[in-house]
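Accompanying notes for the structure given below.
The sequence lines fix the lettering, A, B, ..., with proteins before strands; numbering per chain opens at 1.
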Amino acid sequence: MFRTHYCGEVTDRLVGQDVVLSGWVNTRRDHGGVFFCDLRDITGLVQIVFRPEEVESEDLQKLIHSIRTEYVLRVEGQVCNRLEGAVNPNMNTGDIEVVISNIEILNASKPPVFDIENSRDVAEDVRLKYRYLDLRNPKMQDIFRKRSFFIQAVSDFLKKERFMYVETPILTKSTPEGARDYLVPSRVDNGAFFALPQSPQLFKQLLMVSGFDRYYQIAKCFRDEDLRADRQPEFTQLDIEMSFINEEDIYDVLDRMIKHTFKDFGVNVNTPIPRISYDESMRRFGSDAPDLRFEMELNDLSDIFIDTEFKVFQSAEVVIGLKVNGGSSFSRKDLDLLIAKAKDLGAKGLLWGKYTDNGLESPLSKFEKPDNIDKMIAKLEMEKGDLVLIVSDDKELAQTVLGAIRKHLAKKLGLIDDQDYNFVWVNDFPLLEYNEEECRYFAKHHPFTAPNVSLEELNKMSKDEILSVKSRAYDIVLNGVELGGGSIRIHNIAMQKKVFELLGITESEGREKFGFLLDALEYGTPPHGGIALGIDRLIMLATKTESIRDVIAFPKTQRAACPLTRAPSHVDNTQLMELGLKLKEKLNFENE
RNA sequence: GGGGAUGUGGUGUAGUUGGUUAACACGCAGCCCUGUCAAGGCUGAGAUCGCGAGUUCGAGUCUCGUCGUCCCCGCCA
């Protein structure tokens, strides 16, 4: 028997009892005679004491002094109250200790590459190379415990709501829209490739066609795009789909699910979760994932400057201002940094104005009528000491740039209460967006999202009118981070064909890429819709971690590699030949 | 593809305007030590400063290139 109790659960109620514990040596304090050791397992630490006078065997004494950090031990002993003055209030089990009668080294350990307790301060590539050591850190284990509890709470909730868990293929078909696919070559059909799913989107729709009614899955998804602090090529979604529902049913189930599951994080979520339209969110917050934990809204100043003689304003679609309370204390350098940031985000520039006792100190004063400046100050309700930041540009760009600056400043100025969990639904997205580079329309969500107009209406519309059509898509946003999104799907073949047409997907292309879906739509597809939540991001927010890598047990580095396994790796030619593959010769510029 | 940051014993850091034996803490090894919990004391080992080239009498320090890691833009929901 390896244990009767877990280390962190040895309490003063067990005083006098004999226990068996197993775990790792967290720290050891060897006094030559008496020997202390904090033994660690998944539940925490407990101090074990070895007193030489209580053990006769000299071999055992030798063994004890050979114990090193991270050795794996099995100990037998008696739970005792600690001696007077020896209680450790910083330890959960600090009022007791286990006095050892026997000890067994189950396994030795090389000295750990880094200090387990402080592993989070170690360079990340080292942590990832020795991830199994990094994950011994209790803070890391706590993250994964929360992650696990969340998944279990979700499953419990969805079970009660009559959802069925179904697994969908990992080896599937490459589809044109969306992110770059990860490809897997077929051995049986050389030259053909599977793709790893970017999401189980089409399969869950097919399950609705099958009459499964309500489906969910903890689904691994793969997207071969560049990584970020909150983006991994392989990530996990909570994928949900429901039949015979509309948006309200989605909002209802998700509101209750989020409330239920966030209880585990000690967070009370007020429901119903408020909703905001895409247009309003862009207008007020400059983002389709607004952070509502603080105010500081964007303000459209276009009408004030309608008669401007300032060329920059004349040529722009909109003039948008962002008032920063107390911002006139910003230094020239602060402002330069903001200007650089704005330009980095694609703005042509960023104007500023400090409202002080001398009026508005601003580069704008040279060019703009005093009257207009006064109107702006009035509209923004500026007070002495405030700052205004102005971007004039195309509408979406100006909004996005100021939206990013808004978030940046809120962080910098400490406007955000980090105990706050602010959920919001964003809906009424445009159905389509125009891509300038490829000169065609793309689905804002994906090509299977239902428009919120009927097919008859859609057929009657001009190109311009169609651009203003909204979709039945929705995103759930937490603290300015898009947690997930979904939509009511198209369940009618004619509508699906129409949307493909709008997207420039030809009849034959649609048939080739999505033929199975088009077929299915003709066999009695129920109205349906769903949503997918990014589990990794959700756990990041719930555990207040800065990096998605902290909530994934074995994550990839920015170059999409795994320092632990050294994947991806080269394979030998036999393997390639079986797959009908040959590597392109590497170009060699040795003799320059 | 672009911009930025960074790389010094096992780990975390220091290293002044280029100057000779690269410092400190933790860890590690040996010895001592019976109440510690960052145990303590003594002794010791361990880095040619990511790699390559260059400038220089002399490079951890300057220049260029390269590789890794991280952040951001593009890309991606």
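A cation-pi geometry, defined here as NZ or CZ lying under 6.0 Å from the six-membered ring centre and within 45° of its normal, holds between A:Lys412 and A:Phe330.
B:G3 and B:A22 have their P atoms separated by 37 Å, with the value rounded to a whole Å. Using C1' as the reference atom, B:A14 and B:A25 are 11 Å apart when rounded to the nearest Å. Across B:G65 and B:C28, the matching C1' atoms stand 37 Å from one another, rounded to whole Å. As rounded to the nearest Å, B:G19 and B:G58 have C1' atoms that lie 7 Å from one another.
Following rounding to the nearest Å, A:Leu432 (CG) and B:A77 (P) show an atom-to-atom distance of 16 Å. Between the CG atom of A:Asn26 and the P atom of B:A38 there is a distance of 11 Å, rounded to whole Å. One can place CG of A:Asp115 at 12 Å from P of B:C26, the figure rounded to the nearest angstrom. What separates NZ of A:Lys110 from P of B:C28 is a distance of 14 Å, to the nearest Å. Atom-to-atom, CD of A:Gln201 to P of B:A77 comes out at 12 Å; the value is rounded to the nearest Å. Put simply, CG on A:Asp121 is 19 Å from P on B:A25, counting in whole angstrom units. Counting to the nearest Å, the P atom of B:A39 and the CE atom of A:Met91 are 11 Å from each other. Look at CZ on A:Phe114: it is 23 Å from P on B:A25, rounded to the nearest Å.
For A:Arg228 and B:G74, a side-chain-to-base donor-acceptor distance below 3.5 Å is present, hydrogens and geometry of angles not being considered. Looking at A:Arg223, its side chain has no donor and acceptor atom pair within 3.5 Å of the base of B:C76. No hydrogens or angles were tested; on distance alone, nothing pairs the side chain of A:Arg549 with the base of B:C70 as donor and acceptor under 3.5 Å.
Here B:G35 is the nucleotide among B:G35, B:U11, B:G1 with the atom lying nearest to any side-chain atom of A:Arg51. Considering only side-chain atoms of A:Arg68, the nucleotide from B:A77, B:G30, B:U36 that sits closest is B:G30. Comparing B:C37, B:G74, B:A77 by their closest approach to the side chain of A:Glu482 singles out B:A77. For A:Val34, counting side-chain heavy atoms from C-beta on, the closest listed nucleotide (B:U34, B:A77, B:G74) is B:U34. Listed nucleotides: B:A77, B:G1, B:U36. Nearest to the side chain of A:Glu97: B:U36. Minimum atom distance to the side chain of A:Glu124 is reached by B:C70, of the listed B:U34, B:C28, B:C70. If you check B:G74, B:C75, B:A77 against the side chain of A:Glu225, the one that comes closest is B:C75. Candidate nucleotides B:A77, B:C72, B:C70 were compared by shortest atom distance to the side chain of A:Ala229, and B:C72 ranks first. Closest to the side chain of A:Gln558, out of B:C76, B:C70, B:G35, is B:C70. Comparing B:G30, B:U36, B:C33 against the side chain of A:Gln47 picks out B:U36 as the nearest.
For the pair A:Asp336 and A:Lys333, the salt-bridge criterion is not met [side-chain N within less than 4.0 Å of a carboxylate O]. One finds a salt bridge joining A:Arg293 and A:Asp291 here, because a Lys/Arg side-chain nitrogen approaches an Asp/Glu carboxylate oxygen to under 4.0 Å. A:Asp41 and A:Arg136 are not joined by a salt bridge, as no carboxylate oxygen comes within less than 4.0 angstrom of a charged side-chain nitrogen.
Here A:Gly346 lies out of heavy-atom contact (under 4.0 Å) with every strand. Across all strands, A:Lys444 comes closer than 4.0 Å to base atoms (heavy-atom distances). Within 4.0 Å (heavy atoms only), A:Ala123 reaches sugar-phosphate atoms of the nucleic acid but no base atom. Counting any heavy atom pair closer than 4.0 Å across all strands shown, A:Gly33 reaches sugar-phosphate atoms only and no base atom. At a threshold of 4.0 angstrom between heavy atoms, the contacts of A:Asn118 with the nucleic acid are absent.
Listed pair A:Arg559 / B:G68 meets the phosphate criterion, a side-chain N or O lying under 4.0 Å from OP1 or OP2. In this structure, A:Thr27 does not reach the B:C37 phosphate: none of its side-chain N or O atoms is under 4.0 Å from OP1 or OP2. Contact annotation: A:Arg29 does not reach the phosphate of B:U36 (side-chain N/O to OP1 or OP2, under 4.0 Å).
Remark: ring of A:Phe36 stacked against base of B:U36; centroid gap under 5.5 Å, plane tilt under 30°. The aromatic ring of A:His31 sits over the base of B:A39, with ring centres less than 5.5 Å apart and planes inclined by under 30°.
Separating the CG atom in A:Asp12 from the CZ atom in A:Arg82 is a distance of 12.0 Å, to the nearest 0.5 Å. To the nearest 0.5 Å, atom CG of residue A:Leu298 and atom CE of residue A:Met282 are 9.0 Å apart.
Between A:Gly85 and A:Arg28, the residue anchored closer to the 5' end of RNA chain B is A:Arg28, taking for each the nucleotide with the nearest heavy atom. In this structure, A:Gly94 and A:Ser547 both approach RNA chain B, and ranking their closest nucleotides by distance from the 5' end singles out A:Gly94.
Base pairing of B:C42 is made with B:G30, judged by Watson-Crick or G-U wobble geometry with both donor-acceptor distances under 3.5 Å. Within the shown strands, B:U63 is the pairing partner of B:A53 under the Watson-Crick or G-U definition, both distances less than 3.5 Å. Nucleotide B:G18 is matched to nothing when pairs are restricted to Watson-Crick or G-U wobble geometry with both distances under 3.5 angstrom. Taking a pair to require two hydrogen-bonding distances under 3.5 Å in either a Watson-Crick or a G-U wobble arrangement, B:U6 pairs with B:G68. The base-pairing partner of B:A77, taking Watson-Crick or G-U wobble contacts with both distances under 3.5 Å, does not exist among the strands shown.
Side-chain N/O atoms of A:Arg68 and A:Ser66 include no donor and acceptor closer than 3.5 Å.
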Can you list the steps and then say if A:Glu124 with A:Arg549 is a salt bridge (charged side-chain N to carboxylate O under 4.0 Å, His left out)? CA-CA 10 Å; A:Glu124 210 176 337; A:Arg549 296 180 296 281; 2.4 Å; yes
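Classified by interplanar angle (parallel below 30°, tilted 30° to 60°, perpendicular above 60°), the ring pair A:Tyr474/A:Trp425 is perpendicular.
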